[in-house]
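Heads up, the thing below is written out as structure tokens.
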Amino acid sequence: MASAKATMGQGEQDHFVLKSGHAMPAVGLGTWRAGSDTAHSVRTAITEAGYRHVDTAAEYGVEKEVGKGLKAAMEAGIDRKDLFVTSKIWCTNLAPERVRPALENTLKDLQLDYIDLYHIHWPFRLKDGAHMPPEAGEVLEFDMEGVWKEMENLVKDGLVKDIGVCNYTVTKLNRLLRSAKIPPAVCQMEMHPGWKNDKIFEACKKHGIHITAYSPLGSSEKNLAHDPVVEKVANKLNKTPGQVLIKWALQRGTSVIPKSSKDERIKENIQVFGWEIPEEDFKVLCSIKDEVSGATLILASHFKCSEMK
């Protein structure tokens with residue numbers, strides 16, 4: 001795990017520079033389960049709260065609404081080049097011949113000519129109509145190398161600026177790195193003080209892969225916004241628990257994508273610059289006991305050992 005000292009000083013960065021040289025805003029708006037107000041939330045985040053990074057995915061079912069919000073923000077005077085838009089290819093499309101059509105659908109829904117970052121959403125392929133978590137017989141053979149080659153072609157063709165992965169194990173990341181001509185620029189994982197995900201965190205650091213933390217306030221199994229340790233630090237710093245958890249992620253050296261559909265919370269969540277968590281409090285947050293995350297349970301509970309490798 002990164003020490004407080006190693007990460008202090010990074011907390012004031014409002015962006016991170018990826019291996020490609022592209023700048024990624026440190027705080028983004030997450031849109032998972034964003035609901036019917038997604039377009040409003042995206043526009044508000046960009047034009048009123050100052051966000052320049054929006055994270056979405058085909059599987060979220062909100063890309064058309066995200067597109068409406070992006071269009072409204074650009075019509076209000078925000079330049080496309082100043083925005084960083086991330087999306088993800090879903091598991092049913094993880095076959096080489098499906099990669100480009102999947103991205104084209106995403107671009108159409110987002111009303112964009114390119115996106116800044118395109119992730120593999122999960123490191124396994126599913127049958128059309130599969131459940132999530134998948135049931136027996138719904139997992140298909142995943143040609144990771146073939147899919148990644150097509151992802152690389154999207155970069156070469158200017159449809160995507162960077163490519164990355166989500167929810168990867170260290171083993172699968174190492175397998176990908178052995179064949180990738182363009183290594184993943186970003187790895188997006190569930191990370192918070194209650195699930196620090198140290199193994200993949202260290203593996204990504206070793207290979208110069210930037211990390212984006214999702215579910216920074218904890219998972220459905222453990223909402224850290226009500227954790228007494230977090231509340232104590234928040235009260236001491238006169239910040240909200242959410243701001244403290246987002247700041248913890250930034251000081252650890254990761255970008256972070258909190259989600260909310262409430263205007264006030266969206267604005268609060270980006271007020272994480274100009275102050276820092278003192279080293280002793282950072283260490284206290286790091287001492288919160290790890291509990292297995294929902295993402296890990298999906299990976300571990302629904303696949304044989306051979307499929308997890």
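Worth saying up front: this structure is predicted, and the values here are computed from it rather than measured.
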Requested in this report: Could you tell me whether a side-chain N or O of Tyr118 sits under 3.5 Å from a main-chain N or O of Leu154, the two making a donor and an acceptor?
Outcome: no
Query raised in the report: Are Ile182 and Leu117 linked, directly or through other ILVMFWY residues, by side chains that come within less than 4.5 angstrom of each other?
Result: no
**Report entry** Heavy-atom donor-acceptor pair, Asn235 side chain to Glu231 backbone, under 3.5 Å
**Finding:** yes
Query raised in the report: Is the shortest side-chain N to carboxylate O distance from Asp198 to Arg252 below 4.0 Å?
Result: yes
Query raised in the report: Just by distance, do the side chain of Asp143 and the backbone of Gly146 share a donor-acceptor pair under 3.5 Å?
Result: yes
**Report entry** Trp148 to Leu176 - nearest heavy-atom pair and separation
**Finding:** CG-CD1, 3.5 Å
Query raised in the report: Should we count CG of Asn238 as having more than 12 external heavy atoms under 6.0 Å?
Result: no
Report task. State whether a side-chain donor-acceptor pair under 3.5 Å links Lys88 with Tyr60. Result -> yes
Report task. Report, as yes or no, whether the 6.0 Å neighbourhood of atom CG on Asp113 holds more than 12 heavy atoms from other residues, nucleotides or ligands. Result -> no
Report summary line: Value for CE (Met144) from OG (Ser179), rounded to nearest 0.5 Å, stands at 8.0 Å
Query raised in the report: Are Lys283 and Glu279 ion-paired here, with the side-chain N under 4.0 Å from a carboxylate O?
Result: yes
Query raised in the report: Salt bridge or not for Lys127 and Glu138, using N-O below 4.0 Å?
Result: no
**Report entry** Connected via hydrophobic side-chain network under 4.5 Å: Tyr114 and Leu18
**Finding:** no
**Report entry** Side-chain donor/acceptor of Lys196 to backbone N/O of Cys286, under 3.5 Å
**Finding:** yes
Query raised in the report: Same cluster for Ile115 and Val186 if Ile/Leu/Val/Met/Phe/Trp/Tyr side chains link at under 4.5 Å?
Result: no
Query raised in the report: Between Asp162 and Ser20, is any side-chain donor less than 3.5 angstrom from a side-chain acceptor?
Result: yes
Report task. Measure the CH2-OG distance between Trp195 and Ser215 for me, rounded to the nearest 0.5 Å. Result -> 13.0 Å
Query raised in the report: Taking all atoms of both residues into account, what is the closest heavy-atom pair of Ser260 and Ser41, and its distance?
Result: O-OG, 4.2 Å
Query - Neighbour count >12 (heavy atoms, 6.0 Å) for atom NZ, Lys289 - result: no
Report task. Tell me whether the centres of the aromatic rings in His53 and Phe16 are closer together than 6.0 Å. Result -> no
Query raised in the report: Looking at Val54, Val66, Asn105, which one forms a side-chain contact (heavy atoms from CB on, under 4.5 Å) with Leu110?
Result: Val66
Query - hydrophobic_cluster_shared for Val256 and Met189, side chain cutoff 4.5 Å - result: yes
Query raised in the report: Is there side-chain contact between Leu126 and Val139, with at least one heavy-atom pair below 4.5 Å?
Result: yes
Query raised in the report: When you look at Tyr214 and His192, which way does the ring pair (Phe, Tyr, Trp, His ring centres under 6.0 Å) test go after all the steps?
Result: CA-CA 8 Å; Tyr214 72 78; His192 44 74; 9.0 Å; no
**Report entry** Side-chain heavy-atom pair Asn153, Glu150 within 4.5 angstrom cut-off
**Finding:** yes
Report task. Could you check Asp281 against Lys232 for salt bridge (charged side-chain N to carboxylate O under 4.0 Å, His left out), going step by step and ending with a plain yes or no? Result -> CA-CA 9 Å; Asp281 295 314; Lys232 184 176 179 180; over 6 Å; no
Requested in this report: Give a yes or no answer on whether the side chain of Arg80 reaches the backbone of Leu70 with a donor-acceptor pair at less than 3.5 Å.
Outcome: no
**Report entry** Flag for His119-Ser87: side-chain donor and acceptor within less than 3.5 Å
**Finding:** no
Query raised in the report: Under the 3.5 angstrom rule, does the side chain of Gln243 hit a backbone N or O of Thr240 as a donor-acceptor pair?
Result: yes
Query raised in the report: To the nearest 0.5 Å, what is the distance between NE2 (His207) and CG (Asn174)?
Result: 5.0 Å
Query - Salt bridge Asp116-Lys81, side-chain N to carboxylate O under 4.0 Å - result: no
Query raised in the report: Closest approach of Ile266 and Ser261, non-hydrogen atoms and distance?
Result: CD1-C, 4.4 Å
Query raised in the report: Looking at side-chain heavy atoms only, is the closest gap between Val17 and His22 below 4.5 Å?
Result: no
Query raised in the report: Do the side chains of Tyr51 and Val27 get nearer than 4.5 Å, heavy atoms only?
Result: yes
Query raised in the report: Between Ser255 and Thr212, do the side chains contain an N or O donor and an N or O acceptor separated by less than 3.5 Å?
Result: yes
Requested in this report: Look at the side-chain heavy atoms of Ile, Leu, Val, Met, Phe, Trp and Tyr, link any pair under 4.5 Å apart, and say whether Phe282 and Phe273 land in one connected group.
Outcome: yes
Query - Test item: Val155 and Lys161 side chains (from C-beta on) under 4.5 Å apart, heavy atoms - result: no
Query - Side chains of Val165 and His121 in contact at under 4.5 Å (non-hydrogen atoms) - result: no
Query raised in the report: Just checking, is any N or O donor in the side chain of Thr56 or Glu63 under 3.5 Å from an acceptor N or O on the other one?
Result: no
Requested in this report: Say whether, by atom type as modelled, one donor and one acceptor occur between the side chain of Asn223 and the main chain of Ala225 under 3.5 angstrom.
Outcome: yes
Report task. Please lay out, stage by stage, how Gln188 and Asp55 fare under the test side chain to side chain donor-acceptor pair (under 3.5 Å). Result -> CA-CA 11 Å; Gln188 186 179 125; Asp55 180 276; 3.0 Å; yes
Query - Neighbour count >12 (heavy atoms, 6.0 Å) for atom NZ, Lys149 - result: no
Query - Arg52 side-chain N/O to Ile46 backbone N/O, donor-acceptor pair under 3.5 Å - result: yes
Query raised in the report: Just wondering, do Ile288 and Val230 contact through their side chains at under 4.5 Å, heavy atoms?
Result: yes
Report task. Check the pair Glu152 / Lys181 against salt bridge (charged side-chain N to carboxylate O under 4.0 Å, His left out), numbers first and verdict last. Result -> CA-CA 8 Å; Glu152 292 173 330; Lys181 292 181 179 177; over 6 Å; no
Query - Over-ring placement of Arg175 relative to Tyr168, 6.0 Å and 45° cut-offs - result: no
Query raised in the report: Is the shortest heavy-atom distance from the side chain of Val233 to the side chain of Leu237 under 4.5 Å?
Result: yes
**Report entry** Closest non-hydrogen atom pair, Pro184 against Ile209
**Finding:** O-CG1, 3.5 Å
Report task. Working to the nearest 0.5 Å, report the span between CG of Asp290 and CG of Asn197. Result -> 8.0 Å
Query raised in the report: Around Arg265, counting heavy atoms of other residues, nucleotides and ligands shown, do more than 12 lie under 6.0 Å from its CZ?
Result: no
Report task. Evaluate whether atom CD of Glu141 has more than 12 neighbouring non-hydrogen atoms of other residues, nucleotides or ligands under 6.0 angstrom away. Result -> no
Query raised in the report: Minimum heavy-atom separation for Val99 to Val147, with atom names?
Result: CG2-CG1, 3.9 Å
Report summary line: The reported gap from CG in Asn269 to CD1 in Ile246 (rounded to nearest 0.5 angstrom) is 3.5 Å
Report task. Look only at the side chain of Trp248 and the backbone of Ile277, and say whether a donor-acceptor pair between them is shorter than 3.5 Å. Result -> no
Query - Lys/Arg-Asp/Glu bridge criterion (N-O < 4.0 Å) met for Lys267, Glu264 - result: no
Query raised in the report: Cation over ring, Lys247 on Trp275, under 6.0 Å and within 45°?
Result: yes
Requested in this report: May I ask you to decide whether Lys236 forms a salt bridge with Glu280, counting only side-chain N to carboxylate O separations under 4.0 Å?
Outcome: yes
Query raised in the report: What heavy-atom pair brings Cys91 and Trp122 nearest, and what distance separates the two atoms?
Result: SG-CB, 3.5 Å
Requested in this report: Please round to the nearest 0.5 Å and tell me the distance separating atom CG of Leu112 and atom OG1 of Thr106.
Outcome: 10.0 Å
